[in-house]
Amino acid sequence: MKIVVVFLSAILMVSTTNASLPSEVMQTNKKVYDIAEIGVRDLIVDVRIKGLTKTLESTSNLGNLTDVYFRVFWNITRNIKYIKLEGLPEGFLEIKNQLKQLIIPHLNYIKPMPVEKQFSGIPLKGTKEGVFTGPIDDKKNNLNGTIQVRLNHNGVIEKVVKSLSGGVFQNEIEYNNEKKRYYVEKFITENTVNNIKTRVVSDISYTRVNGFLLPEKINLKTKMTQLFGKKLSKEGITSNVIFSDYQINTGRPQKVILDLRKK
């Protein structure tokens with residue numbers, strides 16, 4: 001069974017007040033597949049973006065590169081993670097920090113972000129059955145507008161639309177289920193800004209590691225369309241993200257994180 005649901009992408013999260021969410025929305029936390037609730041205390045995983053090494057070689061002064069990838073150390077219990085960028089020379093901290101941002105949204109397929117963080121500080125109120133709306137007034141990031149959250153008949157978030165001064169942002173997800181817990185199979189982001197609509201479709205495949213369901217590969221396809229005036233349509237821009245060499249419940253992530261704090 002598949003269910004279409006929608007979540008906020010990381011770039012659209014805002015924080016205004018410490019408003020609490022309606023209990024109906026909070027129920028989503030209990031319905032998604034969360035490895036923290038079924039025995040995963042920590043993990044290590046390598047994440048590669050296809051073509052990243054070649055792109056860095058041709059567009060930067062980093063020299064000859066062999067294999068650039070991200071190694072993630074994650075204390076799941078405390079939800080603390082450290083991302084180490086492998087394959088680059090010493091230094092170049094600004095470039096490394098920018099590159100790390102590329103994979104952060106994809107890590108939500110390993111462990112879902114709680115809804116209270118996705119909708120942090122937004123005072124949602126029910127307008128009719130299964131539909132909740134609220135204002136967005138984020139002075140720090142200069143974002144103003146409204147948000148609408150819709151639940152389906154199973155009580156799972158079905159749709160989220162944010163109408164902001166800078167454009168309209170919408171995310172859709174197709175979920176499959178594992179023992180009545182839902183995990184993401186397809187994530188669709190559609191943003192309309194300044195007459196340009198950008199649509200990104202992510203298809204996620206999974207593998208089992210020690211019995212736990214974890215992402216193995218994400219195929220991404222991007223299409224850009226100009227809505228008015230001279231028509232512009234760019235599609236077929238594809239990429240993929242590969243997860244490999246999972247290590248579960250070794251205790252190493254906490255040690256790595258503690259060692260970093262001592263430096």
Side-chain angles (χ1 to χ4, degrees), residues 3-29 31-32 98 100-109 112-175 182 184 186-202 220-235 237:
I3 297 177
V4 176
V5 297
V6 181
F7 278 81
L8 294 173
S9 61
I11 62 171
L12 298 181
M13 291 192 306
V14 297
S15 179
T16 53
T17 66
N18 291 323
S20 59
L21 292 175
S23 60
E24 297 94 331
V25 178
M26 289 293 294
Q27 286 297 312
T28 294
N29 284 338
K31 297 182 179 183
V32 296
Q98 291 174 353
K100 289 176 184 178
Q101 299 303 312
L102 296 176
I103 71 159
I104 288 177
H106 303 307
L107 298 181
N108 289 328
Y109 302 126
M113 184 184 297
V115 293
E116 60 268 27
K117 188 171 183 180
Q118 295 179 50
F119 305 109
S120 175
I122 300 176
L124 292 174
K125 293 184 178 180
T127 57
K128 58 182 179 179
E129 186 176 358
V131 179
F132 302 84
T133 62
I136 297 172
D137 184 15
D138 183 2
K139 295 180 174 60
K140 180 179 179 181
N141 296 302
N142 196 28
L143 294 175
N144 294 282
T146 60
I147 184 172
Q148 184 184 87
V149 180
R150 183 174 298 170
L151 307 183
N152 65 12
H153 64 280
N154 292 312
V156 181
I157 296 173
E158 181 179 64
K159 191 172 186 179
V160 173
V161 179
K162 297 188 73 174
S163 300
L164 304 174
S165 52
V168 177
F169 304 86
Q170 177 173 304
N171 298 333
E172 298 181 12
I173 298 178
E174 289 184 9
Y175 267 93
Y182 301 102
V184 181
K186 186 186 292 286
F187 188 101
I188 303 171
T189 300
E190 197 168 274
N191 302 334
T192 304
V193 179
N194 295 332
N195 195 32
I196 300 294
K197 181 169 72 174
T198 303
R199 178 181 173 89
V200 181
V201 178
S202 302
L220 301 103
K221 186 173 183 179
T222 302
K223 179 180 180 180
M224 297 178 64
T225 305
Q226 185 168 312
L227 301 178
F228 306 104
K230 183 180 179 180
K231 288 190 176 182
L232 165 69
S233 183
K234 293 183 179 180
E235 58 182 310
I237 304 173

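The chain is numbered in sequence order, starting from 1.
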Euclidean distance, Thr127 OG1 relative to Arg150 CZ, rounded to 0.5 Å: 9.0 Å

Heavy-atom side-chain proximity of Phe119 to Ile147 below 4.5 angstrom: yes

Nearest heavy-atom pair of Tyr109 and Ser202: which atoms, and what distance? OH-CB, 4.2 Å

Taking only residues two or more places apart in sequence, or in another chain, which ones meet Ser163 in a side-chain contact (heavy atoms from CB on, under 4.5 Å)? Thr146, Val161, Val168

Got a second to check how far Leu151's CG is from Thr28's OG1, nearest 0.5 Å? 6.0 Å

Work out which heavy atom in Asn191 is nearest to a heavy atom in Gln170; give both atom names and the distance. OD1-N, 4.0 Å

Step-by-step side chain to side chain contact (heavy atoms under 4.5 Å, CB included) determination, Glu116 to Asn29: CA-CA 9 Å; Glu116 60 268 27; Asn29 284 338; 2.8 Å; yes

Separation between CG of Asn108 and CE of Met113, rounded to the nearest 0.5 Å: 4.0 Å

My understanding is that only residues two or more places apart in sequence, or in another chain, count here; which of them pass side chain to side chain donor-acceptor pair (under 3.5 Å) with Glu24? none

Intermediate values then yes/no, side chain to side chain contact (heavy atoms under 4.5 Å, CB included), Val32 and Tyr175: CA-CA 9 Å; Val32 296; Tyr175 267 93; 3.7 Å; yes

NE2 of His106 to CD1 of Ile104, rounded to nearest 0.5 Å, is 10.5 Å

Heavy atoms of Ile122 and Pro135 approach each other most closely as CG2-O, 3.9 Å

For Lys197, all residues meeting side-chain contact (heavy atoms from CB on, under 4.5 Å), sequence neighbours excluded: Glu190, Thr192, Leu227

Evaluate the side-chain proximity of Lys186 to Glu172: yes if any heavy-atom separation is below 4.5 Å, no if none is. no

Decide yes or no on side chain to side chain contact (heavy atoms under 4.5 Å, CB included) for Phe187 and Val200, but give the supporting numbers first. CA-CA 8 Å; Phe187 188 101; Val200 181; over 6 Å; no

Any heavy-atom pair between the side chains of Thr198 and Ile196 that's under 4.5 Å? yes

Rounded to the nearest 0.5 angstrom, the CD-CG distance for Gln226 and Asn194 is 11.0 Å

As an exercise, state the distance from OG1 of Thr189 to CZ of Arg199, rounded to the nearest 0.5 Å. 9.5 Å

Please name all residues satisfying side chain to side chain donor-acceptor pair (under 3.5 Å) with Asn144, sequence neighbours left out, ordered by chain then number. none

